[in-house]
Amino acid sequence: MDKFNIAIDGPGAAGKSTVARIVAKLLGFVYVDTGAMYRAVTWKALQAGISPAEKQRLTEMASALRIELHPGEQAQQVLLDGEDVTDYIRSIAVTQNVSAIAAIPEIRRLLVDKQQDMARSKGVVMDGRDIGTHVLPDAELKIFMTASVRERAERRYLEMKAKHEDVTLEQVEQEIAERDRKDEQREASPLVQAPDAVLLDTSGLTVTQVAERILELAQAAAGKGIR
Ligand code: CDP
Ligand code: CDP
């Protein structure tokens, strides 16, 4: 199959990264988790004691950062100025602050430039919130992946429990709903389905079923002739 780009957007815990990684592996494409980039900047800001309100300082800090993404076996590895921060960027503190930082247009511009560079030679499966609408508007296949808030909360809760984190299902559901609201209502590249994206509601579906559906859509996109 010739190389082309696949954009996967949707709210948290819809299954984007799990499925995107499988699909990329099967197609021999590169998986790019853009959420990890916003999380990495947020982690650095917390470390440096910079609040989301200090936009100028944040932008200066982010523009001086060297962010590297390396495809790993389990998760994509994230390096910040050479330091492996993969395990730190999923912390509750980062999760609670990331949407505020991701709403800053200057920060988005910096990261979107990097994301577009990574996709230039095609063969990328990229997931996030604005990939089909802003980062890769010409992606050959666009998916908008969703699931009910309750089911997404249950999925994330199971992951957190497996890591022995001290949370309740209600807290996780509240956090996810709050982040959905912030991501959907911000002015800069809000979370919204691109008009030409295929809507995929994964409620009640297994990871394998969702991956198979995307592979079918990828075959169809490839069959149509890749630009
Ligand atoms: O953990 P989860 O999958 O829910 O989120 P993520 O993909 O790691 O993204 C974390 C946050 O980064 C999102 O809630 C958005 O605020 C922001 N984000 C964004 O604004 N644009 C993207 N392309 C990716 C993530
Ligand atoms: O990237 P995103 O935040 O959209 O979601 P994820 O981190 O890929 O998926 C969240 C969790 O839901 C993972 O533990 C997946 O294994 C699980 N999942 C699921 O149970 N059923 C699906 N159809 C998709 C994901």
Side-chain angles (χ1 to χ4, degrees), residues 7-24 31-43 45 52 69 74-76 78 85-86 88-105 107-116 118-119 125-136 139 143-163 172-173 175-192 194 200-214:
I8 304 183
D9 291 301
K16 301 180 299 296
S17 48
T18 307
V19 174
R21 188 173 307 116
I22 295 170
V23 168
Y31 166 55
V32 179
D33 172 1
T34 63
M37 299 170 80
Y38 291 94
R39 285 174 175 275
V41 170
T42 305
W43 178 79
L69 303 182
Q74 291 307 314
Q76 168 193 262
V78 187
V85 298
T86 314
Y88 310 147
I89 63 170
R90 310 271 156 207
S91 70
I92 293 175
V94 170
T95 301
Q96 283 171 342
N97 285 282
V98 63
S99 289
I101 289 181
I104 302 171
I107 300 279
R108 302 200 69 80
R109 220 164 289 138
L110 283 169
L111 299 187
V112 167
D113 277 353
K114 290 183 201 291
Q115 293 155 11
Q116 290 175 333
M118 286 187 259
V125 183
M126 188 175 283
D127 87 336
R129 302 292 187 284
D130 60 339
I131 311 305
T133 49
H134 283 92
V135 181
L136 306 177
I143 310 280
F144 193 81
M145 203 182 276
T146 62
S148 68
V149 178
R150 188 66 180 186
E151 183 155 340
R152 289 188 282 123
E154 280 167 359
R155 293 173 182 174
R156 199 40 55 87
Y157 175 72
L158 287 178
E159 283 180 328
M160 294 174 87
K161 278 285 144 192
K163 287 195 268 175
V172 177
E173 184 166 343
E175 182 277 312
I176 285 192
E178 176 64 13
R179 205 145 49 91
D180 285 358
R181 194 187 57 74
K182 286 186 185 151
D183 291 343
E184 286 163 1
Q185 292 185 359
R186 70 176 175 226
E187 258 177 55
S189 313
L191 169 65
V192 64
L200 201 49
D201 186 340
T202 70
S203 307
L205 296 183
T206 64
V207 169
T208 308
Q209 286 172 320
V210 180
E212 279 171 357
R213 177 73 187 121
I214 295 182

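Start at 1 and go down the list; that is how both ligands and their atoms are numbered.
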Test your reading of the model: is there a side-chain donor-acceptor pair from E151 to the backbone of S203, 3.5 Å cut-off? no
At under 4.0 Å between heavy atoms, what of R90 touches ligand 1? The answer is side chain
Could you tell me whether some N/O pair between R179 and ligand 1 is separated by less than 3.5 angstrom? yes
Counting from 1 in the order shown, the ligand 1 atoms closer than 4.0 Å to a non-hydrogen atom of A102 are 16 (O), 17 (C), 20 (O)
Per-atom filter on ligand 1: closer than 4.0 angstrom to a heavy atom of D130 are 21 (N), 22 (C), 23 (N)
Point to revise | Test of proximity, V210 against ligand 2: N or O pairs below 3.5 Å | key: no
(Q) Check contact between R156 and ligand 1, using heavy atoms of the residue and a distance below 4.0 angstrom. (A) yes
Notebook entry, point to check: Can A20 be said to touch ligand 2, with heavy atoms closer than 4.0 Å?
Noted result: no
Note: heavy atom closest to atom 23 (N) of ligand 2, options T208, L205, D33, belongs to L205
Per-atom filter on ligand 1: closer than 4.0 angstrom to a heavy atom of G128 are 22 (C), 23 (N), 24 (C)
Q. Any N or O on K16 sitting closer than 3.5 Å to an N or O of ligand 2?
A. yes
Filtering E159, Q209, R155 for the heavy atom nearest atom 18 (N) of ligand 2 leaves R155
Is any side-chain N of the basic residue among D180 and R152 closer than 4.0 Å to the acidic one's carboxylate O? yes
Short version for L158: what comes under 4.0 Å of ligand 2, heavy atoms counted, is neither
Check: Do we see a donor-acceptor contact under 3.5 Å between the side chains of N97 and T42?
Finding: no
Before signing off on this row, confirm whether Y38 and ligand 1 have an N or O atom pair separated by under 3.5 Å.
-> no
Logged contact type for R186 with ligand 1, heavy-atom cut-off 4.0 Å, is side chain
Worksheet entry | N/O separation below 3.5 Å, V19 to ligand 2 | no
Is the shortest distance from a Lys or Arg side-chain nitrogen in E159 or R155 to a carboxylate oxygen in the other one below 4.0 Å?
no
Judged by heavy atoms only, the candidate from A100, A103, G12, G35 nearest atom 9 (O) of ligand 1 is G35
